[in-house]
Chemist: 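Quick one: the structure is below, and I'll ask about it shortly.
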Number of protein chains: 2
Amino acid sequence: MGKKLTSRSEDYSKWYNELVVKADLAENSGVRGCMVIKPYGFAIWEKMQAQLDKMFKETGHENAYFPLFIPKSYLSKEASHVEGFAKECAVVTHYRLKNAEDGSGIIVDEDAKLEEELIVRPTSETIIWDTYRKWIQSYRDLPILVNQWANVVRWEMRTRLFLRTAEFLWQEGHTAHATRQEALDEAEQMMHVYADFVENYMGVPVIKGTKSESERFAGAEETYCIEALMQDGKALQAGTSHFLGQNFAKAFDVKFANKEGKQEYVWATSWGVSTRLMGALVMTHSDDNGLVLPPNLAPIQVVIVPIYKGLEQLDAISEKVEPLVKELRAKGISVKYDKRDTHKPGFKFNEYELKGVPVRIAVGQRDLENGTFEVARRDTLQKETVQADAVIQTIVSLMTEIQENIFKKALDFREERITVVDSYEDFKKVIEEKGGFVSAHWDGTTATEDKIKEETKATIRCIPLNPEQEDGKCMVTGKPSTQRVLFAKAY
Amino acid sequence: MGKKLTSRSEDYSKWYNELVVKADLAENSGVRGCMVIKPYGFAIWEKMQAQLDKMFKETGHENAYFPLFIPKSYLSKEASHVEGFAKECAVVTHYRLKNAEDGSGIIVDEDAKLEEELIVRPTSETIIWDTYRKWIQSYRDLPILVNQWANVVRWEMRTRLFLRTAEFLWQEGHTAHATRQEALDEAEQMMHVYADFVENYMGVPVIKGTKSESERFAGAEETYCIEALMQDGKALQAGTSHFLGQNFAKAFDVKFANKEGKQEYVWATSWGVSTRLMGALVMTHSDDNGLVLPPNLAPIQVVIVPIYKGLEQLDAISEKVEPLVKELRAKGISVKYDKRDTHKPGFKFNEYELKGVPVRIAVGQRDLENGTFEVARRDTLQKETVQADAVIQTIVSLMTEIQENIFKKALDFREERITVVDSYEDFKKVIEEKGGFVSAHWDGTTATEDKIKEETKATIRCIPLNPEQEDGKCMVTGKPSTQRVLFAKAY
């Protein structure tokens, strides 16, 4: 365990980095910018994957797998796409090593140069649309609703565990449609799927909206997004879903014969969430004692710690605990009974607090005598003594209560940090002093957006869906505007 | 659909390639040697993954994730390991593209050269043992039982879908132990886990054994393997589990304090199976009409095809079929009711035959009148008429029967193709004319093994576990031998 975590108020960024490592979620590797996701962290990611995968399948999607490598020439086929990704690509140029003649070790074999350099996929639109050309001839072949779970590489210069790493894990959906409207509906649907997952499983409230032109995905005509707010008042983009128009179909010549037999270009979407969500999960709920995990994603939902002197007492406690473990498991609750004799209860309490286990049950000699359990919640740090015959019901209820409570807490936090402003002066003050989302009028131009970004570091996080129409003036230029947009500093 | 498959007797290799593509399992991509795994193929792989993952977890393993890239210098730390992999590595040398000044497109930015070149992992021992050094201090930190699902790259020159591709998907277990015996037990255990999976889920019989020194994994002291036999008489290595001794611990300086406080090097294993298993699955059971899938891994276990004239008849059939679909699903059987009006029943029959769906139910006008279903098995191509009240029980039983039947068929096929020989002349004749496994005495030297390989293309597939001890003479050199080993030509 070692010494205590840095507190959030002291240094939020340091708190985050320490917590991710100490709670055994992830750590830096010997490869610049690439992380190791440790078993405990990966167990959370697996739960996220399983739930998302289920939701994708329920909405008609299938999984497939496309190559890791993309020929350099593919990337350049869609002009704005290459613009967006060229500078952060890892490039494979050779395919063999050999021993250096001077005995200094192994070196790249210069004779084994690739004819065409390969890019390690930063995202897969190009290789997938090159494939879809072969899959699509007629309207009968549409829609194609495919998802891929994969690793991708974007050569980031400043990296942080989960939030920004050179390699990360994600899923990327890539769909093909016969009509513009169907593709738009798909892109919007997936934003709602993401919001459902992030709110109801991660317990992280999000605002749904679209991106301004300059914040859109490279190659998209519309980017739908969900935006969350972290405890330091900075926003985090939790998922995006893109309407790609016919851009990739045109770049890769993917046409279909419509019902009338006429050739048309195919309409596309793509959508993704990544291990970045792990960062959002940590930063939304956790506190100065460690992680706080939502029951819906916690690898261990309940931990039971015996408090005893001597193995005889431990045996008596185990006799009481083991049936409880069985009953909880039968209810689908994941339980760990930690009767390691190598560690003291206090050490275990700290460990499970740090790791965010939602409920801790302690059982000591007095509990044996009184027929009780001590039940502690991680989210509120409250403890109560529960009679044995009520303990199952208490735990089952707590799973829902804790899930709801941490969502509500995060929602209240965010609601307090949406500030409506009408002047640029107020805007700058709020961004600087209070943080959070600022709701303001904007004239819709990239020039104004750029100016605001340059002067305040705040960007348009989203143009909320279905906003109230309200006549107003851009806070910077005074030009007319009909709806407010949300600004924030962001991760 | 197009025209019929090439038959196995005509050209086994062509039959395989055609079948993999036509049955929608996989196809070649625009990237040399890299395949696209299509949704139907990926659905089978997902079922394999889910079952294997369950078996790994039941034996105490957890998942984690390590970087895709490995610094070149790591690879060279274990001498025989670098020897084994250096020539088939993809090498990342640069991290940025830019526009060519002459406007000819995008090129690699020579200014953005990496300080140290990175290898795209061909396997992860080196990056993982570099990490384990940080995780292991004391015997209390052991064992570490970790598995990773990942993509790996081996730059193969001659590739074939699933069997040998430049990129493939696999799992790699990497475990760390305090004692030699514990590591040996782990390596052997995982061979048994693999054999259990391959025989009972894939329906592919395997022979368990160890590899001769020259066939061992680069860096291993012992390689356990399971070997299967394909319908063309060639062997296929279906999974390997390696006892790595202290080789990687020494290369990466991974020591632990034992109970007496003394520093010792850690003992290691690694074990893996890959998408190559998909190739084994196809080649073991399928026939000239297409795939034959084991019920335990079939994405669709039962397909129901209505035979009707006019939508009124279809409605009457659907009324009878829909409760059946529900009941079968309630029993955990995956069912597809294909009532597409765009395709004829004959087309559908061919499609599901090609795709290996274990059971096909057809329902026509006469069945409606008689209260029956026509039930056809994919494995035997037999059809029977079943009364409505017996159909659920028939289908449930067929799931087990078909699973057992295809295993037995493959086992009989293999048993007929294990030939015991005592002279090198007979050996050459059997290898050349009959194929399959040849059981022969061998003097235990690499020189003899190399000579046999050179002259016959046959290699030692495995030294069977717990063989009968038998005094004999090497068929080539006449030197004494105490047990027979199995030779074959192999994939």
Chemist: With no hydrogens and no angle check, just 3.5 Å: does a side-chain donor-acceptor pair link A:W149 and B:E46?
Modeler: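 Judged by distance alone, the side chains do not pair up.
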Chemist: Do A:M157 and B:Y95 have side-chain heavy atoms sitting under 4.5 Å apart?
Modeler: yes
Chemist: Just checking B:K54: does its NZ atom have more than 12 heavy atoms from other residues, nucleotides or ligands closer to it than 6.0 angstrom?
Modeler: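 No, not enclosed.
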Chemist: Pick one of side chain, backbone, both or neither for B:W45, based on which atoms fall under 4.5 Å of a heavy atom in chain A.
Modeler: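 No part of B:W45 comes within 4.5 Å of chain A.
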Chemist: Take atom NZ of B:K47 as the centre, draw a 6.0 Å sphere, and report whether it contains more than 12 heavy atoms from other residues, nucleotides or ligands.
Modeler: yes
Chemist: More than 12 foreign heavy atoms under 6.0 Å from NZ of A:K77: is that the case here?
Modeler: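 Buried by this count: over 12 neighbours within 6.0 Å.
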Chemist: Looking at side-chain heavy atoms only, is the closest gap between A:I119 and B:L97 below 4.5 Å?
Modeler: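 A:I119 vs B:L97: side chains touch.
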Chemist: Going by heavy atoms in the side chains, are B:W135 and A:E27 under 4.5 Å from each other?
Modeler: yes
Chemist: Tell me, for B:Y74 versus chain A, whether the close heavy atoms (under 4.5 Å) come from the side chain, the backbone, both or neither.
Modeler: side chain
Chemist: Write down the atom of B:P71, the atom of A:G30, and the distance for their closest heavy-atom approach.
Modeler: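 The pair with the smallest heavy-atom distance is CG-O, 4.1 Å.
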Chemist: Please flag which part of B:I144 lies under 4.5 Å from any non-hydrogen atom of chain A: side chain, backbone, both or neither.
Modeler: neither
Chemist: I need the residue from A:I107, A:L114, A:T93 with the largest number of non-hydrogen atom pairs under 4.5 Å to chain B.
Modeler: A:T93
Chemist: B:V31 and A:F69: which non-hydrogen atoms are nearest, and at how many Å?
Modeler: CG2-O, 3.2 Å
Chemist: For the CD atom on B:Q49, are there more than 12 heavy atoms of other groups (residues, nucleotides or ligands in this structure) within a distance under 6.0 Å?
Modeler: yes
Chemist: Most heavy-atom pairs under 4.5 angstrom with chain B, which of A:H94, A:E116, A:E62, A:R32?
Modeler: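 Max contact count across the listed options: A:H94.
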Chemist: Are A:W155 and B:V92 close enough that some pair of their side-chain heavy atoms sits under 4.5 Å apart?
Modeler: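 No, every pair of side-chain atoms sits at 4.5 Å or beyond.
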Chemist: Is the number of heavy atoms from other residues, nucleotides or ligands within 6.0 Å of NZ (B:K344) greater than 12?
Modeler: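 Result for NZ/B:K344: open.
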Chemist: For chain B, find which of A:T165, A:V153, A:N99, A:D130 contributes the most heavy-atom pairs closer than 4.5 angstrom.
Modeler: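 Ranked by heavy-atom pairs under 4.5 Å with chain B, first place is A:V153.
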Chemist: Can you tell me how far CG of A:N63 sits from CD1 of B:I37, rounded to the nearest 0.5 angstrom?
Modeler: 11.0 Å
Chemist: Given heavy-atom pairs under 4.5 angstrom as the criterion, report whether the side chain, backbone, both or neither of B:K57 touches chain A.
Modeler: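 B:K57 touches chain A through side-chain heavy atoms alone.
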Chemist: Which atom pair, heavy atoms only, marks the closest approach of A:N28 to B:K134?
Modeler: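 Heavy atoms of A:N28 and B:K134 come nearest at O-NZ, 3.5 Å.
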Chemist: Assess whether atom CD of A:E58 is packed by more than 12 heavy atoms of other residues, nucleotides or ligands within 6.0 Å.
Modeler: yes
Chemist: When only pairs under 4.5 Å are counted, which of A:V146, A:T342, A:I128, A:L169 shares the most heavy-atom pairs with chain B?
Modeler: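 Top option by heavy-atom pairs under 4.5 Å: A:L169.
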Chemist: Assess, by modelled atom type and distance only, whether the side chains of A:Y65 and B:E167 contain a donor and an acceptor separated by less than 3.5 Å.
Modeler: yes
Chemist: Between chain A and each of B:A90, B:C34, B:A43, B:P39, count heavy-atom pairs under 4.5 Å; write down the option with the most.
Modeler: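 Of B:A90, B:C34, B:A43, B:P39, B:P39 has the most heavy-atom pairs under 4.5 Å with chain A.
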Chemist: Please state whether the side chain, the backbone, both or neither of B:E117 comes within less than 4.5 Å of a heavy atom of chain A.
Modeler: side chain
Chemist: Could you pull out the closest heavy-atom pair between A:I106 and B:K72, with the gap in Å?
Modeler: O-CE, 3.2 Å
